[in-house]
Amino acid sequence: MRKAGRIVAEVHELMRRMIRPGVTTAELDAAAEDLIRRRNAEPAFKGYPHTGHNDFPATICASLNEELVHGIPSPKRVLREGDIISIDVGAIYRGFYGDAAWTYPVGEISEEAQRLLEATEGALYAGIAAARAGHRLQEVSAAIQRYVEERGFNVVREYTGHGIGRAMHEPPQVLNYVNEHDRDGRTVMRPGLTIALEPMVNAGTWRTRVLSDGWTVVTADGRLSAHFEHTIAVTDGEPEILTRL
Ligand code: MG
């Protein structure tokens, strides 16, 4: 998982360097897939099934502005100054998965967009800091929610973090907010637990809807959304971030 995570981190470094006005999301996708395959790994999202819709067709999810997650790369989507773009990418190396997402600014962005990015990234690290052996998973959810709401933004309810290892999505589910019906939240974390924490944060309402392509999730009110994710391992001490160089 360290190796898979490292490959994912390398893809994000590449995305960070490539993202600028004029680049298409299809170009980002092609570069990401090429890098993953050169590392003898496979894209984890390509061909991912979705009941009633086509399998996911690409290596990265590229979600712009009001799009939260699962945006499909296209040669027609050209990045423009002032956009924010969330890139989510997973890789499989020798049967093990890594998964990470980051929201990048395209050139100069608005003050609100900047605050949203900082709140979402900060929420991810607040969640990671709470991922301690002996503590309940719900403490991670609480830390993320608190960090976001203190900054005046809202966490998405319909999508969550997840266990990860030999599959991309494994139990337990990791909510980004506290819910009394969250059974997985009562899980006591132990060293060796590997989870993907991924706050999705909206500038306005937390409500979302799915576009007619069956994949792209957008905010219900059309305002901005950001998404930051790391795959981590719970240890005896500090959590280990696996999707970092
Ligand atoms: Mg994930």
Query raised in the report: Does some side-chain heavy atom of T219 sit less than 4.5 Å from a side-chain heavy atom of T208?
Result: no
Query raised in the report: Salt bridge check: are R223 and E112 linked by an N-O gap of less than 4.0 Å?
Result: yes
Requested in this report: Before giving the answer on side-chain contact (heavy atoms from CB on, under 4.5 Å), spell out for I85 and T25 the whole-Å C-alpha distance, their side-chain angles and the decisive distance to 0.1 Å.
Outcome: CA-CA 9 Å; I85 178 170; T25 55; 3.8 Å; yes
Report task. Determine, step by step, whether V178 and Q138 satisfy the side-chain contact (heavy atoms from CB on, under 4.5 Å) criterion, reporting the C-alpha distance in whole Å, the side-chain angles of both residues, the deciding distance to 0.1 Å, and the verdict. Result -> CA-CA 7 Å; V178 176; Q138 200 172 57; 4.1 Å; yes
Query - Reported OG1-to-NE2 distance for the pair T216 and H70, which is rounded to 0.5 angstrom - result: 9.5 Å
Query raised in the report: Quick one: does L224's side chain get under 4.5 Å of I84's, heavy atoms only?
Result: yes
Report task. Kindly indicate whether the side chain of D213, heavy atoms from C-beta on, has any atom under 4.5 Å from the side chain of N54. Result -> no
Query raised in the report: How long is the gap from CG on D29 to CD1 on I72, to the nearest 0.5 Å?
Result: 10.5 Å
Query raised in the report: Should E238 and R132 count as an ion pair when the cut-off is N to O under 4.0 Å?
Result: yes
Query raised in the report: Can the ring centres of W215 and H53 be said to be less than 6.0 Å apart?
Result: no
Report task. List the atom of P49, the atom of D55, and the distance in Å for their closest heavy-atom pair. Result -> CA-OD1, 3.5 Å
Query raised in the report: Within a strict 4.5 Å, meaning less than it, do heavy atoms of the V217 and R209 side chains meet?
Result: no
Query raised in the report: Quick one: do the T103 and S86 side chains pair a donor with an acceptor below 3.5 Å?
Result: yes
Query raised in the report: Aromatic rings H230 and W102: how do their planes relate, parallel, tilted or perpendicular, breaks at 30° and 60°?
Result: tilted
Report task. Give a yes or no on whether a salt bridge exists between R94 and E42, defined as a side-chain N under 4.0 angstrom from a carboxylate O. Result -> no
Query raised in the report: Minimum heavy-atom separation for V188 to R136, with atom names?
Result: CG2-NH1, 3.7 Å
Requested in this report: Kindly compute the distance separating CD (E67) from CG (D83), expressed to the nearest 0.5 Å.
Outcome: 9.5 Å
Query raised in the report: Below 4.0 angstrom, N of the basic side chain to O of the carboxylate: do R115 and E118 qualify?
Result: no
Query raised in the report: Closest heavy-atom contact between A119 and F153?
Result: CB-CD1, 3.6 Å
Query raised in the report: Does V155 offer a backbone N or O that forms a donor-acceptor pair with the side chain of N176 under 3.5 Å?
Result: no
Requested in this report: Kindly give the heavy-atom pair with the smallest separation between T194 and G165, and that separation in Å.
Outcome: OG1-CA, 4.5 Å
Query raised in the report: Do V234 and L175 belong to the same hydrophobic cluster, where Ile, Leu, Val, Met, Phe, Trp and Tyr are linked whenever their side-chain heavy atoms lie under 4.5 Å apart, directly or via other members?
Result: yes
Query raised in the report: Nearest 0.5 Å, what's the CD1-CZ distance between I164 and R166?
Result: 13.0 Å
Query raised in the report: For residues H227 and Y159, is any side-chain donor paired with an opposing acceptor at under 3.5 Å?
Result: no
Query raised in the report: By side-chain hydrogen bond (donor to acceptor under 3.5 Å, both in side chains), which residues pair with R37, not counting sequence neighbours?
Result: E33
**Report entry** I7 and Y93: CA distance, side-chain angles, deciding distance, side-chain contact (heavy atoms from CB on, under 4.5 Å) verdict
**Finding:** CA-CA 9 Å; I7 294 165; Y93 183 76; 3.9 Å; yes
Query raised in the report: Side chains of N154 and N202: do they bring a donor and an acceptor to under 3.5 Å?
Result: no
Requested in this report: Identify the heavy atoms of I232 and A131 that sit nearest to each other, and give their distance.
Outcome: CD1-CB, 3.6 Å
**Report entry** Flag, side chain of E81 to backbone of E108, donor-acceptor distance under 3.5 Å
**Finding:** yes
Query raised in the report: What's the verdict on salt bridge (charged side-chain N to carboxylate O under 4.0 Å, His left out) for E10 and R39, showing C-alpha distance, side-chain angles and the deciding distance?
Result: CA-CA 10 Å; E10 281 188 79; R39 296 291 181 272; 2.7 Å; yes
Requested in this report: Output the distance between atom CD (E139) and atom CD1 (I144), rounded to the nearest 0.5 Å.
Outcome: 12.5 Å
Query raised in the report: Between R17 and H12, is a side-chain contact (heavy atoms from CB on, under 4.5 Å) present by the stated rule, with each step listed?
Result: CA-CA 9 Å; R17 289 200 304 272; H12 274 289; over 6 Å; no
Query - Connected via hydrophobic side-chain network under 4.5 Å: W206 and L68 - result: no
Query raised in the report: Hey, are the side chains of P21 and R80 touching, using non-hydrogen atoms and a 4.5 Å cut-off?
Result: no
Requested in this report: Could you verify whether a donor N or O on one side chain and an acceptor N or O on the other, from E27 and T24, lie under 3.5 Å apart?
Outcome: yes
Report task. Look only at the side chain of S74 and the backbone of K76, and say whether a donor-acceptor pair between them is shorter than 3.5 Å. Result -> yes
Query raised in the report: What pair of heavy atoms forms the shortest contact from V8 to A91, and how long is it?
Result: CG2-N, 3.6 Å
Query raised in the report: Is it the case that one hydrophobic cluster holds both V69 and F228, taking links as side-chain heavy atoms less than 4.5 Å apart, direct or via other members?
Result: no
Query raised in the report: Any side-chain heavy-atom pair from D184 and V174 closer than 4.5 angstrom?
Result: no
Query - Ring centroid separation Y97 to H162 under 6.0 Å - result: no
Query raised in the report: Same cluster for M168 and M200 if Ile/Leu/Val/Met/Phe/Trp/Tyr side chains link at under 4.5 Å?
Result: no
Requested in this report: With rounding to the nearest 0.5 Å, note down the distance linking CE in M15 to OH in Y104.
Outcome: 8.0 Å
Query raised in the report: If you group Ile, Leu, Val, Met, Phe, Trp and Tyr by side-chain heavy-atom gaps below 4.5 Å, do M1 and F45 land in one group?
Result: yes
Query raised in the report: Should R2 and E240 be marked as a salt bridge (charged side-chain N to carboxylate O under 4.0 Å, His left out) after you check the CA-CA gap, both sets of side-chain angles, and the distance that decides it?
Result: CA-CA 10 Å; R2 287 193 179 102; E240 180 177 344; 2.6 Å; yes
Query raised in the report: Okay, side chain of T243, backbone of T231: is any donor-acceptor separation there less than 3.5 Å?
Result: yes
Query raised in the report: Do F56 and C61 have side chains that get closer than 4.5 Å, going by heavy atoms?
Result: yes
Query - Pairwise side-chain contact, I241 with Y125, heavy-atom cut-off 4.5 Å (strictly under) - result: yes
